[in-house]
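Written below as structure tokens is the structure these notes are about.
Values below: all heavy atoms of this structure, side chains included; hydrogens, waters and symmetry mates excluded.
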Amino acid sequence: MTSDPKPVGVAVLGYGNVGSEVVRIIESSAADLTARIGAPLVLRGIGVRRVNANRGVPIELLTDDIDELVTRDDVDIVVELMGPVEPSRKAILSAIEHGKSVVTANKALLAGSTGELARAAERAHVDLYFEASVAGAIPVIRPLTQSLAGDSVLRVIGIVNGTTNYILSEMETTGADYASALADASTLGYAEADPTADVDGYDAASKAAILASIAFHTTVTADDVYREGITAITTEDFASAQALNCTIKLLALCERIVDEDGREMVSARVYPALVPAAHPLATVGGAFNAVVVEAEAAGRLMFYGQGAGGAPTASAVTGDIVMAARNRVQGGRGPRESKYAQLPIAPIGKVSTRYYVSMDVADRSGVLSAVAAEFANHGVSIAEVRQEGVVADSGERVGARIVVVTHRATEAALADTITALEELDVVANVASVLRLEGTDP
Ligand code: NAP
């Protein structure tokens, strides 16, 4: 006679957008999850700040004593869905030290540390899973750590922040300016009361750090990620993008690059960029996310879906819980952190890409050649140039504008070119500089 398998005890820290959905899935899919794991998954407790609120779960499951919950003997897996770096970090470390496996969606915590949690999990021989920390429901951590473990990743380019993608999509499709598109996003609940983390690119930078660390087996923190947000994007930028058959997206880019001395480096950066209409990321609209991975043997892979929201994120979290529970029941552990390469982080000046530069210039002959000479002087090759008249509402021609699209050049060379252009008598001002990503050189 075989005995019933021992249940796997779960503690969920946080009962907000994601935590409540995880609890719902654990309860509503109990029979299926038991079959998939090989043992019942039993919810032992839910950690919150306010226990007495009416939350639709038995009150005896709720506790504000996180320290006690994560160390309970009948808890095998701790699921951290609280959000702030503290007390989440402390709770996770305590859980790990007490032999619990951990699942978390906390990108800020993961991207802010140099692997403290992973090292603790390693020492304690427990699992640490974090699929939901990047792009919500979209499986991207597991494909990078497991499916592509035999390949070499060259580049990861993603739209990993739904709020900014919604704002940029609104600007493009309705002609709205940044402020009204942001107001619209707030009304619809896509933007938080303080949108800084999204619109200034901090959220995307945390995700870029996590993706770059995994893709290139290197410690990359959010501070290593070069970051520009979308607050300076104008309706004129969208008009220019349209003229070039492009759109504008906030991209998280993680790349293995080789510098002029032949040194391999990792570049991780977040900025708004022109993306050609034919690129798969150009059609990712609204609050959706997508991640394109380019690997040496696999070529280009694309992952697309809902990058946030309670239920979609809970799908990824519950997938991790099932993995950790299976490991408990069957023995064994999930993949350990792999940081063997430890490549240096490339400063932004060493990164090379293509650029779109538009400038207001004097409306007279010889200007175009003076401008072109500055690009040549700094080794930045021009792919396309256009000079057009600036016409006032009255129909009168009041000035001229030159638009240049370059071939690939380093950020350092481009920065020097812009400085030199701004010093030219014939250039009134450099109106806009945008990177152009997702094209061949
Ligand atoms: P949320 O709705 O704000 O919920 C947070 C929950 O954590 C609440 O139940 C809160 O308790 C509890 N909590 C916060 N601080 C606590 C503390 N000091 N002690 C005890 N409990 C505490 O957050 P969420 O949107 O579900 O996000 C949870 C995590 O998932 C975050 O790390 C977030 O970055 C990540 N994530 C979220 C999404 C998404 O779409 N929402 C997507 C991907 C990843 P009270 O209820 O008592 O206030």
Does the side chain of Ile66 reach to within under 4.5 Å of the side chain of Met82, using non-hydrogen atoms? yes
Donor + acceptor pair across side chains of Glu80, Ser88 (<3.5 Å): yes
Begin from the C-alpha positions of Glu384 and Leu244 and carry the test side-chain contact (heavy atoms from CB on, under 4.5 Å) through to its verdict. CA-CA 10 Å; Glu384 213 179 303; Leu244 294 165; 3.7 Å; yes
Between the side chains of Glu236 and Ser432, is a donor N or O closer than 3.5 angstrom to an acceptor N or O? no
Are there more than 12 heavy atoms of other residues, nucleotides or ligands under 6.0 Å from atom CG of Asp73? no
Quick one: closest heavy-atom pair of Gly307 and Asn289, and the distance? CA-OD1, 3.3 Å
Salt-bridged, Asp127 to Arg328, with N to O below 4.0 Å? no
Donor-acceptor pair, side chain of Arg326 and main chain of Arg36, under 3.5 angstrom: yes
To check you understand the geometry: which heavy-atom pair defines the closest contact between Tyr356 and Ser240, and what is its length? OH-OG, 2.5 Å
Is the count of non-hydrogen atoms from other residues, nucleotides or ligands lying under 6.0 Å from Glu192 atom CD greater than 12? no
Val12 side chain reached by Leu81 side chain, heavy atoms, under 4.5 Å: yes
CG/Leu251 to CZ/Arg435 distance, rounded to the nearest 0.5 angstrom? 10.5 Å
Please say whether the positively charged group of Arg55, taken as NZ for Lys or CZ for Arg, lies over the ring of Tyr15, i.e. under 6.0 angstrom from the six-membered ring centre and within 45 degrees of the axis. no
Without swapping roles, check the side chain of Asp151 against the backbone of Ala297 for a donor-acceptor pair under 3.5 Å. yes
Answer whether the closest heavy-atom distance between the side chains of Asp224 and Thr221 falls below 4.5 Å. yes
Scanning both residues in full, the closest heavy-atom pair of Ile96 with Ala120 reads CG2-O, 3.4 Å
Do Asp237 and Tyr178 have side-chain N/O donor and acceptor atoms under 3.5 Å apart? no
Answer whether the closest heavy-atom distance between the side chains of Leu301 and Leu148 falls below 4.5 Å. yes
Ile214 side, atom CD1; Lys339 side, atom NZ - distance, nearest 0.5 Å: 8.5 Å
Report yes or no: does Ser94 contribute a side-chain atom to a donor-acceptor pair with the main-chain N or O of Ala91 at less than 3.5 Å? no
Salt-bridge test for Arg72 and Asp74: reply yes if a basic N is under 4.0 Å from a carboxylate O, no otherwise. yes
For the residue pair Tyr166 and Tyr190, categorise the inter-ring angle as parallel (less than 30°), tilted (30 to 60°) or perpendicular (more than 60°). tilted
Could you state the interatomic distance from OG1 (Thr234) to CD1 (Ile248), rounded to the nearest 0.5 Å? 7.0 Å
Test log, rule side-chain contact (heavy atoms from CB on, under 4.5 Å), inputs Val75 and Val10: CA-CA 5 Å; Val75 167; Val10 179; over 6 Å; no
Looking only at the side chains, is there a donor atom on one of Ser267 and Glu255 sitting less than 3.5 Å from an acceptor on the other? no
Write down the atom of Arg300, the atom of Pro280, and the distance for their closest heavy-atom approach. NH1-CD, 3.3 Å
Side chains of Thr71 and His98 only: does a donor on one sit below 3.5 Å from an acceptor on the other? no
Nearest heavy-atom contact between Pro40 and Thr34 is CA-OG1, 3.5 Å
Rounded at 0.5 Å granularity, tell me how far CG in Asn165 sits from OG in Ser169. 4.5 Å
Closest heavy-atom pair, Pro312 versus Gln306, reported as atoms and distance to 0.1 Å, is CG-OE1, 3.6 Å
Salt-bridged, Asp76 to Lys100, with N to O below 4.0 Å? no
Side chain to side chain contact (heavy atoms under 4.5 Å, CB included) test vs Ser352 passes for just one of Asp259, Ile257, Thr410, namely Thr410
Does any non-hydrogen side-chain atom of Val70 lie less than 4.5 Å from one of Ile92? no
Please report the C-alpha distance between Tyr129 and Asn327 in whole Å, then the side-chain angles of each, then the deciding distance to 0.1 Å, and finally whether the side-chain contact (heavy atoms from CB on, under 4.5 Å) criterion is met. CA-CA 12 Å; Tyr129 284 112; Asn327 293 340; 3.0 Å; yes
I need the Ile233 CD1 to Glu228 CD distance, nearest 0.5 Å. 9.0 Å
Do Val404 and Met359 make a side-chain contact, defined as non-hydrogen atoms from C-beta onward lying under 4.5 Å apart? yes
Sub-3.5 Å donor-acceptor pair from the side chain of Asn106 to the main-chain atoms of Gly83, do we have one? yes
Would the number of heavy atoms belonging to other residues, nucleotides or ligands and lying under 6.0 Å from CG of Asp261 be above 12? yes
Donor-acceptor contact present, side-chain Ser206 to main-chain Ala204, <3.5 Å: no
Any luck finding a side-chain donor-acceptor pair between Ser180 and Asp177 under 3.5 Å? yes
Under a 3.5 Å cutoff, is there a donor and acceptor pairing between the side chains of Asp194 and Thr196? yes
Does Ala409 offer a backbone N or O that forms a donor-acceptor pair with the side chain of Tyr355 under 3.5 Å? yes
Measure the shortest side-chain to side-chain distance between Ile321 and Val79 over non-hydrogen atoms and say whether it is less than 4.5 angstrom. yes
Passes side-chain contact (heavy atoms from CB on, under 4.5 Å), Glu27 versus Leu43? Steps please. CA-CA 8 Å; Glu27 312 254 273; Leu43 185 61; 4.1 Å; yes
Under 3.5 Å, is there a donor-acceptor pair between the Thr164 and Asn161 side chains? yes
State whether Glu411 and Lys350 are salt-bridged, where the test is any N-O pair (Lys NZ or Arg NE/NH1/NH2 against Asp/Glu carboxylate O) under 4.0 Å. no
One thing to verify: whether Glu296 and Arg256 come together as a salt bridge, which I'm taking to mean a side-chain N less than 4.0 angstrom from a carboxylate O. yes
Paired with Glu437, the salt bridge (charged side-chain N to carboxylate O under 4.0 Å, His left out) test is passed by just one of Arg354, Arg408, Arg269, namely Arg269
Spatial distance of atom CZ (Phe288) from atom CD1 (Ile138) [nearest 0.5 Å]: 9.0 Å
Is a donor from one side chain sitting under 3.5 angstrom from an acceptor on the other, for Arg227 and Tyr202? yes
Counting N and O atoms only, with roles assigned by atom type, does the side chain of Glu131 sit under 3.5 Å from a partner on the main chain of Ile141, one being a donor and the other an acceptor? yes
Okay, side chain of Asp203, backbone of Asp198: is any donor-acceptor separation there less than 3.5 Å? no
Has Gln146 got more than 12 heavy atoms of other residues, nucleotides or ligands less than 6.0 Å from its CD? yes
Do the non-hydrogen side-chain atoms of Val284 and Met302 ever get within less than 4.5 Å of each other? yes
Identify whether the distance between the nearest side-chain nitrogen and carboxylate oxygen of Glu116 and Arg119 falls below 4.0 Å. no
Do His279 side-chain atoms and Leu281 backbone N/O form a donor-acceptor pair below 3.5 Å? yes
